[in-house]
Asks: 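Here it is, the structure, as structure tokens.
Order of the sequence lines sets the chain letters (A, B, ...), proteins ahead of strands, with each chain counted from 1.
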Amino acid sequence: MLPHLSRLEDEAIYILREACAEREKPALLFSGGKDSIVLLRIAEKAFRPARFPFPLLHVDTGHNFDEVIEFRDRRAAELGERLIVARVQDSIDRGTVRDETGPRASRNRLQSTTLLEAVAEHELDVLFGGARRDEDRARAKERIVSVRDELGQWNPSAQRPELWQVLNLHIRRGQHLRVFPISNWTELDVWQYIAAEQLALPSIYFSHRREVFERDRMLYGVTAAMRPTEKEPVFEESVRFRTVGDSTCTGAVRSTAKTIDEVIEEIIASDITERGATRADDKFSEAAMEDRKREGYF
Amino acid sequence: MSTDTLICATAGSVDDGKSTLIGRLLYDARALLRDQLAHIEEASQRRGFSRTELALVTDGLRAEREQGITIDAAWRYFATPKRRFVLADTPGHVQYTRNMITGASQADVAIVLIDAERGLTEQTRRHLAITALLRVPLVFAVVNKMDRVGFKQERFDELVSEAQAHLSRLPWATTVKYLPVCALDGDNVVERSTRMSWYDGPALLEELETAEPAPVELGAGVLAVQWVIRPQREDYASFRGLAGRVVSGTLAVGDEVVIAPSGLRSRIARIDRHVGAESTPAASRGASVIVSLADDIDASRGTYVIARPELPAELAIRRRLTVEVCWMNASPAVRGKKIWVKHQSRRVVAQIAAVTHKLDVVSGKAESADTLVQNDLGTLELVLGDDIPATAYITDRALGSVLLVDPTDGETVGAAMLVDP
């Protein structure tokens, strides 16, 4: 393995073990996306041959790509670990959130409420997430150990100091922690690690033919939840996804990369960031990510 | 540890042009991608700037954009053909000193900005003092805005002498290199300046690409045990793995070891990075590994596996610590205050036995004091409820540092460094 990947892996393993040792009820957010797939490998290295000291948790909008959901279930079964699925639909049915309507409706924002409901129901005090600081300007400022208050809010101007490599995982009753073991990884690091560890990924990360339409200068796959308007013609294109969030806000990029190595070549040659290329959810305002994080988004 | 990646912390007073320097560094090193540049250009136009304001690269939070200042540390990642870099951009304001310490405590090198026109402010002196206190192995003092002083060598020399005089009054030794820079136009950032022929040193990026800061470590191999792996499965019925991080030196299979603080002895039978997949003959500082010992002895979370037949003299078992501290909480440090001390993965209860000194960051003088308030640097005596194997911070940055945590709310209240007793 490349030396810098080993060093990043060392740090991530350390963070997982430290949080599990100091807190009572962690869970690892597993979406079937590449960052959380990397987290699962880190967890194997941190805790095998024993079982993970936490369940996996997925907040399912009901609008995710079928290939990714299938992959999620298969991976959890292979590992023999427990998977909790918290459904946005259940929150809608309970009346705690309202589904958006119209052609641009998305359940992306609603996830925050469902996530906090899962935290309360399962009395979780730590959520491990695969967020990285290179993804976004607000994430660039977040600590590895991030304290959330009773309402799940992030208070960016009162973050804890993080000193040397010593982690403080203490919280008051009602607070919980978001812990990001791969904070210091870049998109390229993630792909190089996937290559080095030969990790399996959902097929949509690789080039495939798909029915797409263009909206806001981005390509979207046609799914049950993501329908073009009459003014948005559908066409077939060779694409892959750089991120695999909810299908209503995750764009595809034109690509011919069919293998991990070809994807790495494309990333090295790319002149646009991962989120800039594919995530509509960050485009609403200059502070879109910060606003969503403040209200408890991952 | 290998320095294939260099961690750099930046610090400067408000308006020293720190964000501009970082923007310039990223821009000239071609580390900004198209959508990031488009975002900066758009934001510059919206705010009515006449040119693209590279400083906007580092603004992440709404409050920062509103106030035009940096509140919190931001991490940026970039690479040149020679090296990978992590930039921890830390704020200048005194009330955000804790965030500067966050960046500096993890850094291999620090970049401290000095405004050529305004000279050394109280903040600049504080930043230099903190990098010295935290023993950041190498500091680049960047004299920025040289265009405002006509690129004159006399002004640069004057500021270098002033900074040197300040540092010499501090009780801590540091290695500092000085560079004249104009971040706005890029002089001596990535490209060498053509407007300061009197300076024949390399540009900042060249310095960063070639810097080899010496690690501060004890030498003896030390594993801080985080977690004991005892699988509930028949094929691993007798498996007992001490999972943790090598915090100093190197441990190797076959090494005789002593457990601290218990003093029990054994030998390393096996080292794994991933049980069942690979086994490794040795592990060095930074590595997360699982160590199996030859004997079934008690070694739990918060203990240390030390690759020596006897506890080394420098790593003493302590119940009392004298520490230099940066106090970071609104509730002050006073005698009698109960705290938790976290040393690597070991937590012990403690009490402040005495506040002895407070450092005046401007004069460099230690004055006797009985209270430390937020952002004060000073000296404390701590009594511990349990043993800690520790060494002076100048001997080992990991084994000589502790976090001070307030047990009532879990907040980190102090960054503390052990002084030799």
Asks: Would B/Tyr77 and A/Trp185 count as a close aromatic pair, with their ring centres under 6.0 Å?
Replies: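 No, ring centres 6.0 Å or more apart.
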Asks: When only pairs under 4.5 Å are counted, which of B/Met417, B/His343, B/Gln232 shares the most heavy-atom pairs with chain A?
Replies: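 Top count of heavy-atom pairs under 4.5 Å with chain A: B/Met417.
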Asks: Would you sort out whether A/Lys45 and A/Glu197 count as a salt bridge (Lys or Arg N to Asp or Glu O under 4.0 Å), showing the intermediate values?
Replies: CA-CA 11 Å; A/Lys45 296 201 179 186; A/Glu197 292 288 311; 3.0 Å; yes
Asks: With chain B as the partner, which of A/Glu11, A/Arg173, A/Arg17, A/Arg172 has the greatest number of non-hydrogen pairs under 4.5 Å?
Replies: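 Sorted descending by pairs with chain B, the first entry is A/Arg17.
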Asks: Among B/Val402, B/Val86, B/Val275, B/Val246, who wins on heavy-atom pairs under 4.5 Å with chain A?
Replies: B/Val275
Asks: Shorter than 4.5 Å, heavy atoms on both sides: which option in B/Ser401, B/Ala107, B/Gly276 has the most such pairs with chain A?
Replies: B/Ser401
Asks: Which atoms form the tightest heavy-atom contact between A/His4 and A/Asp189, and what is the distance?
Replies: NE2-OD1, 3.2 Å
Asks: Heavy-atom distance under 4.5 Å between the side chains of A/Arg143 and A/Phe180, does that happen here?
Replies: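 Side chain of A/Arg143 against side chain of A/Phe180, heavy atoms only: no contact under 4.5 Å found.
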Asks: Is A/Ser6 in contact with chain B via its backbone, its side chain, both, or neither, using a 4.5 Å heavy-atom distance?
Replies: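 When you check distances to chain B, atoms from both the backbone and side chain of A/Ser6 fall under 4.5 Å.
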Asks: Are A/Phe30 and A/Leu40 side-chain neighbours, meaning at least one heavy-atom pair lies under 4.5 Å?
Replies: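 Answer yes - side chains close enough.
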Asks: At a heavy-atom distance under 4.5 Å, which candidate from B/Lys342, B/Arg397, B/Gln106 has the highest pair count against chain A?
Replies: B/Lys342
Asks: For the residue pair A/Leu127 and A/His176, establish whether any side-chain heavy-atom pair is separated by less than 4.5 Å.
Replies: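 With C-beta onward as the side chain, the pair touches.
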Asks: Less than 4.5 Å apart, any side-chain heavy atom of B/Phe78 and any of B/Leu87?
Replies: yes
Asks: Quick check on A/Asn184 against chain B: is it the side chain, the backbone, both or neither that has a heavy atom closer than 4.5 Å?
Replies: both
Asks: Under a 4.5 Å cutoff for heavy-atom pairs, which residue among A/Pro161, A/Ser183, A/Ala50 has the most contacts with chain B?
Replies: A/Pro161
Asks: At a heavy-atom separation under 4.5 Å, does B/Ala283 approach chain A through its side chain, its backbone, both, or neither?
Replies: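 No part of B/Ala283 comes within 4.5 Å of chain A.
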Asks: Among A/Leu2, A/Thr186, A/Val166, which residue has the highest count of heavy-atom pairs closer than 4.5 Å to chain B?
Replies: A/Val166
Asks: Select, from A/Cys20, A/Pro53, A/Ala46, the one with the greatest count of heavy-atom pairs under 4.5 Å involving chain B.
Replies: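 Maximum pair count with chain B is reached by A/Cys20.
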Asks: Is it the backbone or the side chain of A/Glu44 that comes under 4.5 Å from a heavy atom of chain B, or both, or neither?
Replies: both
Asks: List the steps and the verdict of salt bridge (Lys or Arg N to Asp or Glu O under 4.0 Å) for A/Glu142 and A/Arg133.
Replies: CA-CA 7 Å; A/Glu142 190 157 16; A/Arg133 286 173 176 152; over 6 Å; no
Asks: What part of A/Ala12 gets closer than 4.5 Å to chain B, counting heavy atoms only: side chain, backbone, both or neither?
Replies: neither
Asks: Taking the six-membered ring of A/Phe54 (Phe, Tyr or Trp), confirm whether the NZ or CZ of A/Arg51 is under 6.0 Å from its centre and within 45° of its axis.
Replies: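 No, a cation-pi geometry is absent between A/Arg51 and A/Phe54.
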Asks: Is B/Ile101 in contact with chain A via its backbone, its side chain, both, or neither, using a 4.5 Å heavy-atom distance?
Replies: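 Interface part for B/Ile101: both.
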Asks: Sort out for me which of B/Ser345, B/Ser288, B/Ala104 touches chain A most, counting heavy-atom pairs under 4.5 Å.
Replies: B/Ser288
Asks: Going through the distances and angles, do B/Arg273 and A/Glu9 end up as a salt bridge (Lys or Arg N to Asp or Glu O under 4.0 Å)?
Replies: CA-CA 10 Å; B/Arg273 282 187 67 87; A/Glu9 182 190 64; 2.7 Å; yes
Asks: Go through A/Leu169, A/Ile171, A/Leu167 and name the one with the most non-hydrogen pairs under 4.5 angstrom from chain B.
Replies: A/Leu167
